[in-house]
Amino acid sequence: MTTELSSIERRVIAEDLIYGGTLLLDEQRFEDWLALTASRFRYRIGAYSPEIRKEMTWLDHDRDGMHALFELLGKHHVDHATWFRHAVVQRVTQEGPETLRAVTQLAIFHTSVDVGDVHVEAGSTRLFAVARYHDELVLENGRWLLADRLARLDTRQLGIGSHVIV
Amino acid sequence: MTGSTLAGWKRNLGSPALPYVSSSIYTDPEIFEEELEKIWRRTWLLAMHESELPAPLDYRTTTIAREPVIVVRGEDGKVRAFLNVCPHRGALLLREPAGSLRTSSPSGSTKHITCMFHSWQFDARGECTAIPRRRAGYQDRLECAEAKLHQVSCEIGYGGFIWLHLDGNAPPLADHIGDAFEDMRQHLEAEPLEIFHHHKAVVSTNYKLWHDTNSEFYHDYMHHFNRVTGMQQPGYFDRHYTPYKNGHVTVSSMVVKYNAYEHGALALAESRSLSFPGLEQNGWKLLDLFPGITVNLRGSALRIDTMTPLSADKVLIEFRGLGLKSDSPEDRARRVRDHNTIWGPFGRNLPEDLLGVTNQGRGMAQGAEPLHVLHGRVENNAIHDELGLRCYYAEWSRRLGRSARAPYSETQMDLYAAPERTLSSGADAE
């Protein structure tokens, strides 16, 4: 039974899970990404608005809700850009024998395919958003899984927005 | 081989019987500048909600037709607006989108607007209260009383929104709104509202194309969400437009079946048990106000769109979400969730709408051969009728003194076709 993990062990667990997850999201392998989440998984996107001086929640779903969103993507008109998540795990702390918390800095790059003046812009890359993942990782059935993720955006201007999570 | 010429194809559709506008009105930089002067500098605009300034000395900043503006709640509770420019050397006074004058700045004392450049100070009534070393530098040639801030006309109303008009001596806001708000009043003025959402998008399109999208529902074909929760449900085609003077229109309600947006047994949008005072459960009403404001009341959430046109092909759109000030934390969370399911930046509908108008912006690029853009659906003012567009461009043409159909014609003075039915609040122009 895991008790107190060393800092190296904590970091390896978090980096494997978070970096592996960002690659799956980049590749839009959403079901494989959901396989990295715990049964009680909750996903939120949040941001602070200095205009109204309030915290905002822009997306909030449980595991089933995320699964349904992904399944319905094909019924929506979406930005078919390719996405590149550059993640750096900054801090990993242990909260209990089976719980870790991690803070990850994230820069998301957007390579245009079909939005705007496609003939000119397709293939060009721009920074879409900067954000931090605030993650809770739990040990479930012998595997470390993502139990809670708050993707807190610094970037609040997202152009047309996105049907795909950050 | 025979074929159409480019110009011929672009102007093939459209006639007096099939209303249209020229795409030049969406692309011409000169027409855009004229719009700023004749429309945006001369009309009432919804700038924000009073709940964005909850306490005395709270302020917000914004921009109207390139003019920076401060909106501040005075110690007396009254909201006033001023040009956000120091009369001394033209520097911007307040730089943050929002804040409180209770906090002192590095250059000045509390309760004042202080120019960071030379520390000229102004109170929340716009009066100049301090000019450092005034007597030494200006002797008796300049008094503080002469250096007050330029006051922008400001009124609060129609759901507690703050409305601005750059002219300090503007006609009453009520003259502009007319009766267009009357159907919304029962829902939005029964009790105070409160803002919970704000986000912005800069989009490569003409501002009118966004308002056009908000003024017609034919584009529901673009939205899977709207098709399954609305178009395929009873009552959808009974919704109808009502035109009002000054280019405003309303859209009547229907009962939206939110939980039809589902995957398997899971309804992603739950039936909205929450509503607004007097609004039927899962009801949906809409009000479009000239020249670019949309009040969208849908189930449990109120969405407000406002625009700041940046150029002929670029616009800043601000999206606000509001609930009731009396909401419990649980009810507020419910409203936020309902709002963002479709209208947030990661919602189901909003990215599609913005993608649609971005495509229009690209399809009607500046310098391309002008296209006849159809506004010609006539369905007895029902939901896919394009009455809202025709109503808007009648007012647009009147204000600019240009035909939206032939904007460069010096002889064709037939302004855009008036709406087919009698205006609800009198056909007389503002």
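Every heavy atom of this structure was used, including side-chain atoms; hydrogens, water molecules and symmetry mates were not. So you know, we letter chains A, B, ... as the sequences are listed, proteins then strands, and number each from 1.
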Which atoms of E194(B) approach chain A - backbone, side chain, both or neither, heavy atom under 4.5 Å: side chain
Segment of M48(B) engaging chain A (4.5 angstrom heavy-atom cut-off): neither
Options H49(B), E352(B), R320(B), ranked by heavy-atom pairs under 4.5 Å with chain A, top entry: E352(B)
Residue selection (most heavy-atom pairs with chain A, distance under 4.5 Å) from T61(B), I317(B), T62(B), V202(B): V202(B)
Heavy-atom side-chain contact between V166(A) and F346(B) under 4.5 Å: yes
Which atom of H163(A) lies closest to which atom of P351(B), heavy atoms considered: CE1-CB, 3.8 Å
R362(B) versus D117(A), closest heavy-atom pair with distance: NE-OD1, 2.8 Å
Exercise: identify the closest heavy-atom pair between M56(A) and F196(B): CG-O, 3.8 Å
Close side-chain approach of L59(A) and N340(B), heavy atoms under 4.5 Å: no
Any donor-acceptor N/O pair, H76(A) side chain to H224(B) backbone, under 3.5 Å: no
Which atom of H197(B) lies closest to which atom of I52(A), heavy atoms considered: N-CD1, 3.8 Å
Contacting moiety of K75(A), where chain B heavy atoms sit under 4.5 Å: both
Derivation and outcome, side chain to side chain contact (heavy atoms under 4.5 Å, CB included), residues V336(B) and W58(A): CA-CA 8 Å; V336(B) 169; W58(A) 285 354; over 6 Å; no
Chain B contact via L158(A) - side chain, backbone, both or neither, heavy atoms under 4.5 Å: both
Minimum side-chain heavy-atom gap P54(B)-R53(A) below 4.5 Å: yes
Shortest non-hydrogen contact from T358(B) toward V115(A): CG2-CG1, 4.3 Å
Minimum-distance pair of heavy atoms, taken over all atoms of A98(B) and P50(A): CB-O, 3.3 Å
Contact origin within S162(A) toward chain B - heavy atom pairs under 4.5 Å: both
Under-4.0 Å salt bridge between K200(B) and E51(A): yes
Neighbour count >12 (heavy atoms, 6.0 Å) for atom CZ, R102(B): yes
Heavy-atom check, side chain of I195(B) versus side chain of K54(A), under 4.5 Å: yes
